[in-house]
Amino acid sequence: MITVNENLCKGCNICTEFCPRKIYGKSGKLNKKGVNVPVPENEDKCTQCQLCAMMCPDQAIKVDEKVDDADEN
């Protein structure tokens with residue numbers, strides 16, 4: 001549901017600071033810019049407020065709607 005484009009991310013961590021549910025953690029691996037890219041660690045807590053995507057200065061975050069398995073049937 002949450003996608004972080006590693007190629008666009010500059011590691012500013014604005015998403016981690018502004019996320020009200022503290023979804024993001026550090027990946028531990030470096031992208032081609034040499035920064036730790038944030039990764040969604042607690043996606044199940046995400047309310048899809050899109051604050052992380054709105055605050056990202058590089059438009060590196062995309063939040064898609066949750067798909068409930070019960071809704072697919």
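Only a predicted model underlies this, so the values are computations on that prediction, with no experimental measurement involved.
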How close do [X] and [Y] get, heavy atom to heavy atom, and via which atoms?
X     : Y     : answer
Cys9  : Ala60 : N-CB, 3.8 Å
Phe18 : Leu51 : O-CD2, 3.2 Å
Val4  : Pro38 : CG2-O, 3.6 Å
Met1  : Glu43 : N-OE2, 3.1 Å
Ile2  : Cys46 : CD1-SG, 4.0 Å
Gln50 : Val63 : NE2-O, 3.2 Å

For Gln59, is the CD atom crowded, meaning more than 12 foreign heavy atoms sit under 6.0 Å from it?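 For Gln59, atom CD is not crowded (no more than 12 foreign heavy atoms under 6.0 Å).
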Does atom NZ of Lys26 have more than 12 heavy-atom neighbours, drawn from other residues, nucleotides or ligands, at distances under 6.0 Å? no
Side chains of Glu41 and Ile23, heavy atoms from C-beta outward: is any pair under 4.5 Å? no
Is the closest side-chain heavy-atom distance between Val35 and Leu30 below 4.5 Å? no
I'd like to know if the side chain of Ser27 reaches the main chain of Val37, judged simply by a donor and an acceptor atom lying under 3.5 Å from each other, with no hydrogens or angles considered.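 Yes; judged by distance alone, with no hydrogens or angles, the pair exists.
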To the nearest 0.5 Å, what is the distance between [atom1] on [X] and [atom2] on [Y]?
X     : Y     : atom1 : atom2 : answer
Asn5  : Asn31 : CG    : CG    : 9.5 Å
Asn42 : Arg21 : CG    : CZ    : 11.0 Å
Cys19 : Lys45 : SG    : NZ    : 10.0 Å
Cys56 : Ile61 : SG    : CD1   : 4.5 Å
Asn36 : Asn13 : CG    : CG    : 8.5 Å
Cys15 : Met54 : SG    : CE    : 13.0 Å

Check Lys33 with Glu6, please: is the shortest side-chain N to carboxylate O separation under 4.0 Å? no
